[in-house]
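Below is one structure; the comments refer to it alone.
Values below: all heavy atoms of this structure, side chains included; hydrogens, waters and symmetry mates excluded. Below, chains carry the letters A, B, ... as their sequence lines are ordered, and counting in each starts from 1.
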Amino acid sequence: MNTKLKVFAVNKGILFNFEKKLNMSQELSEQEEIRRAKLAELKKLGIEPYPAEEFQINVTAQDIKENYERDKLNYKDISLAGRIMSVRDMGKAAFAVLQDSTDRIQIYVRRDDICPNEEDKQLYDTVWKKLIDLGDIIGIQGYVFTTKTGETSIHVTHFKLLAKSLKPLPVVKTDEDGKSFDEVTDPEFRYRQRYVDLIINPSVKKTFEQRTKIISSIRNFLNDQGALEVDTPVLQSIPGGAAARPFLTHHNALDMPLYLRIANELYLKRLIVGGFDWVYEFSRNFRNEGMDRTHNPEFTVLEFYAAYRDYFWMMNTTEKLLEKIAVDLHGTTELTVGDRSISFAPPFKRITIFDAIKEHTGVDVSKMDEVELRAVCKSLHIDMDETMGKAKLIDTLFGEKCEANYIQPTFITDYPVEMSPLTKKHRTEEGLVERFELMINGKEIANAYSELNDPIDQRERFEDQVKLMERGDDEAMFIDYDFLRALEYGMPPTAGIGFGIDRLCMLLTNQPSIQDVLLFPQMRPETKHETVN
RNA sequence: GAUUCCGUAGCUCAGCUGGUAGAGCAAUACACUUUUAAUGUAUGGGCCCUGGGUUCGAAUCCCAGCGGGAUCACCA
């Protein structure tokens with residue numbers, strides 16, 4: 001403990017356990033030491049810094065800001081609570097900014113109002129001026145008024161400490177024009193301490209409110225049309241429904257390996273077999289792969305499956321769903337993403353993957369064999385290796401030369417069969433499947449099929465996957481025999497789709513990184529430096 | 001996993017070709033009863049990410065590690 005602090009403590013008559021302090025001084029900053037000293041002082045004055053009893057509020061900051069001007073009589077006896085974000089102290093009166101869950105509002109604290117007794121001004125002079133800090137959570141009572149500079153504010157008549165803050169909050173100042181100063185932009189700080197990010201950066205909070213709004217908009221759409229929300233296993237003994245590296249865990253009582261799901265597709269289809277006509281699930285999926293601005297090890301996919309439908313119906317339904325989300329969220333189908341405008345008004349463009357390739361490379365690859373395809377890819381400077389088959393070459397060609405061009409919502413349809421082991425063969429085109437991907441802003445947002453319901457065909461497709469696995473493809477699918485058994489009982493013709501919810505949120509909230517639409521994105525653990533005593 | 005940039009006070013950042021650390025905000029003290037990036041005066045606050053190396057001397061140069069960002073690869 002440093003001498004200056006000791007002087008401060010003595011001067012203020014603040015007593016504390018000296019030895020305890022000494023131990024903690026190894027890790028605590030000066031400001032943290034001072035706040036702990038203030039905490040002790042509050043207790044000494046008989047003020048509980050973390051009271052248990054309820055604090056009743058009857059208004060929010062947003063309510064006051066929106067309605068006070070036209071309904072002044074209603075704001076004469078108000079009570080609200082929040083966090084102190086800034087203080088402008090002026091001797092015997094002070095202005096402060098209080099932030100509740102809805103907004104920020106200025107409060108006005110005058111000594112002679114909160115301390116009506118002429119003999120005792122301690123509540124203001126000591127508690128408010130000395131012991132309350134930025135970041136503290138307080139409850140106030142008072143009345144709303146307008147300052148002479150025209151700002152709607154609360155004239156405080158009573159205040160109560162509800163929670164003392166022991167860590168200094170980064171201070172972000174904002175001027176009249178809304179320009180902010182010393183804004184905390186360090187991504188590591190923001191993601192590791194999201195709670196602080198949410199307190200000091202109001203736009204971050206708004207993004208996550210929008211995320212929830214997107215999800216409830218989808219849920220309302222599906223529920224209104226009679227779809228049934230279901231829960232299926234996250235722990236699976238066979239990680240099916242997609243091609244990806246899974247996380248492996250172990251169940252002790254059963255003494256068996258279990259995987260965190262990479263997809264829920266095969267379970268939802270089992271439910272279609274079981275007689276539900278339309279089921280959906282917001283599925284948290286886990287994939288043990290690389291991380292970047294569009295990938296997090298756990299992510300959310302909305303999948304839904306509708307019986308007696310096909311992929312054309314699914315395209316129409318997808319158009320209606322996206323239109324509704326855009327309108328629910330922004331009140332319009334015309335959105336600005338980055339510096340581009342994107343229209344979510346149906347109908348969306350539909351184009352086959354072969355036509356897309358023709359459109360952007362001038363080459364018709366639809367009738368080509370693998371040798372011809374390789375020649376085309378080589379001439380277009382596409383990176384290849386020997387293991388890539390025809391389907392993989394087409395997929396790469398599309399990814400390299402076409403994908404980024406589809407800014408407006410576009411359905412890319414009719415993919416090669418080899419890359420789609422769960423998809424029904426095309427009704428007319430040999431070698432293709434009834435599948436589409438929805439591209440928006442140059443990125444894949446959804447992937448859908450007419451689902452394969454022929455159990456014999458499905459078994460053969462799985463067996464092809466096993467051959468790929470034996471050749472060393474570590475992303476080939478496992479065979480799920482129980483799923484095959486379910487198909488053998490008969491699954492109605494079904495259309496299914498998966499939406500990348502995180503990416504959809506990035507798009508609709510205009511965020512460049514998946515970490516900005518996940519409250520707690522995956523991070524490496526923090527290492528704490530060992531202190532040598 | 002590869003390449004590259006970054007890591008200094010609670011926060012945002014300076015710190016040049018090596019000479020033992022600075023600013024603004026925040027904090028502390030005093031003044032101020034309608035301020036608003038409040039103001040004025042004074043004061044304190046640093047394992048300069050960690051560990052090695054070079055050097056008389058390292059925040060600075062070199063190596064390794066840890067953490068983060070960006071790009072690439074894998075993938076949604």
Give the rounded distance in Å between these two atoms: [atom1] of [X] and [atom2] of [N].
{"X": "A:Lys167", "N": "B:A27", "atom1": "NZ", "atom2": "P", "result": "16 Å"}
{"X": "A:Arg88", "N": "B:U39", "atom1": "CZ", "atom2": "C1'", "result": "12 Å"}
{"X": "A:Arg110", "N": "B:U35", "atom1": "CZ", "atom2": "C1'", "result": "14 Å"}
{"X": "A:Lys121", "N": "B:U33", "atom1": "NZ", "atom2": "C1'", "result": "11 Å"}
{"X": "A:Glu32", "N": "B:G45", "atom1": "CD", "atom2": "C1'", "result": "12 Å"}
{"X": "A:Arg104", "N": "B:A37", "atom1": "CZ", "atom2": "P", "result": "14 Å"}
{"X": "A:Asp177", "N": "B:A37", "atom1": "CG", "atom2": "P", "result": "9 Å"}
{"X": "A:Arg111", "N": "B:C32", "atom1": "CZ", "atom2": "C1'", "result": "12 Å"}

Original post:
A:Phe95 on top of B:A38's base, within under 5.5 Å and under 30°?
Top reply: no
hbond_proxy [X] side chain to [N] base (donor-acceptor, 3.5 Å cutoff):
{"X": "A:Asp89", "N": "B:C32", "answer": "no"}
{"X": "A:Asp182", "N": "B:G24", "answer": "yes"}
{"X": "A:Glu30", "N": "B:G44", "answer": "yes"}
{"X": "A:Glu183", "N": "B:U12", "answer": "no"}

Original post:
Side-chain N or O of A:Lys92 less than 4.0 angstrom from OP1 or OP2 on B:U35?
Top reply: no
Original post:
Side-chain N or O of A:Lys173 less than 4.0 angstrom from OP1 or OP2 on B:G24?
Top reply: no
Considering only [options], which nucleotide approaches the side chain of [X] most closely?
{"X": "A:Arg503", "options": "B:A76, B:A37, B:C11", "value": "B:A76"}
{"X": "A:Thr185", "options": "B:C74, B:G67, B:U12", "value": "B:U12"}
{"X": "A:Asp133", "options": "B:A27, B:G67, B:U35", "value": "B:A27"}
{"X": "A:Val171", "options": "B:C25, B:A27, B:C11", "value": "B:C25"}
{"X": "A:Gln515", "options": "B:G69, B:C25, B:U28", "value": "B:G69"}
{"X": "A:Met90", "options": "B:U28, B:G10, B:U34", "value": "B:U34"}
{"X": "A:Phe181", "options": "B:A37, B:A76, B:G69", "value": "B:A37"}

With rounding to whole Å, what would you report as the distance between [N] and [M] at their [atom1] atoms?
{"N": "B:A31", "M": "B:G24", "atom1": "C1'", "answer": "22 Å"}
{"N": "B:G7", "M": "B:C61", "atom1": "P", "answer": "10 Å"}
{"N": "B:U28", "M": "B:G65", "atom1": "C1'", "answer": "39 Å"}
{"N": "B:U55", "M": "B:A14", "atom1": "P", "answer": "32 Å"}
{"N": "B:G40", "M": "B:A26", "atom1": "P", "answer": "11 Å"}
{"N": "B:A59", "M": "B:C47", "atom1": "P", "answer": "14 Å"}
{"N": "B:A21", "M": "B:A9", "atom1": "C1'", "answer": "10 Å"}
{"N": "B:G44", "M": "B:A23", "atom1": "C1'", "answer": "16 Å"}

Looking at [X] and [Y], would you say the former's side chain and the latter's main chain have a donor-acceptor pair under 3.5 Å?
{"X": "A:Asp113", "Y": "A:Thr157", "answer": "no"}
{"X": "A:Arg104", "Y": "A:Val97", "answer": "no"}
{"X": "A:Arg261", "Y": "A:Asn285", "answer": "no"}

Give [X] one of three labels, base, sugar-phosphate or nothing, depending on what nucleic acid heavy atoms sit under 4.0 Å from its own.
{"X": "A:Ser86", "value": "nothing"}
{"X": "A:Asn296", "value": "base"}
{"X": "A:Glu444", "value": "sugar-phosphate"}
{"X": "A:Gly290", "value": "base"}
{"X": "A:Glu151", "value": "base"}
{"X": "A:Asp292", "value": "base"}
{"X": "A:Arg192", "value": "sugar-phosphate"}
{"X": "A:Thr147", "value": "base"}

Partner nucleotide, any strand, of [N] [Watson-Crick/G-U, under 3.5 Å]:
{"N": "B:U71", "value": "B:A2"}
{"N": "B:A29", "value": "B:U41"}
{"N": "B:A64", "value": "B:U50"}
{"N": "B:G19", "value": "B:C56"}
{"N": "B:U35", "value": "none"}

Original post:
Any ion pair linking A:Lys392 and A:Asp395 (charged N to carboxylate O, less than 4.0 Å)?
Top reply: no
Subject >> Note: A:Asp182-A:Lys173 ion pair, threshold 4.0 Å (strictly below) >> reply: no
Subject >> RNA chain B: 5'-proximal contact among A:Leu134 and A:Gln522 (nearest heavy atom) >> reply: A:Leu134
Subject >> Upstream residue (5' side of RNA chain B) when A:Tyr108 and A:Asp186 are each assigned their closest nucleotide >> reply: A:Asp186
Subject >> A:Arg35 versus A:Asp136, closest heavy-atom pair with distance >> reply: NH1-OD1, 4.3 Å
Between the protein and nucleotides 1-5 of chain B, which nitrogen or oxygen pairs come in under 3.5 angstrom?
none

Quick one: do the [X] and [Y] side chains pair a donor with an acceptor below 3.5 Å?
{"X": "A:Glu281", "Y": "A:Thr232", "value": "yes"}
{"X": "A:Tyr311", "Y": "A:Asp414", "value": "yes"}
{"X": "A:Thr102", "Y": "A:Gln62", "value": "no"}
{"X": "A:Ser420", "Y": "A:Arg435", "value": "yes"}

**OP:** Over 60° means perpendicular and under 30° means parallel, so classify the ring planes of A:Tyr108 and A:Phe145, tilted if in between.
**Re:** tilted
**OP:** Look at the rings of A:Phe344 and A:Phe348 and say which category their plane angle falls in: under 30° parallel, 30 to 60° tilted, over 60° perpendicular.
**Re:** perpendicular
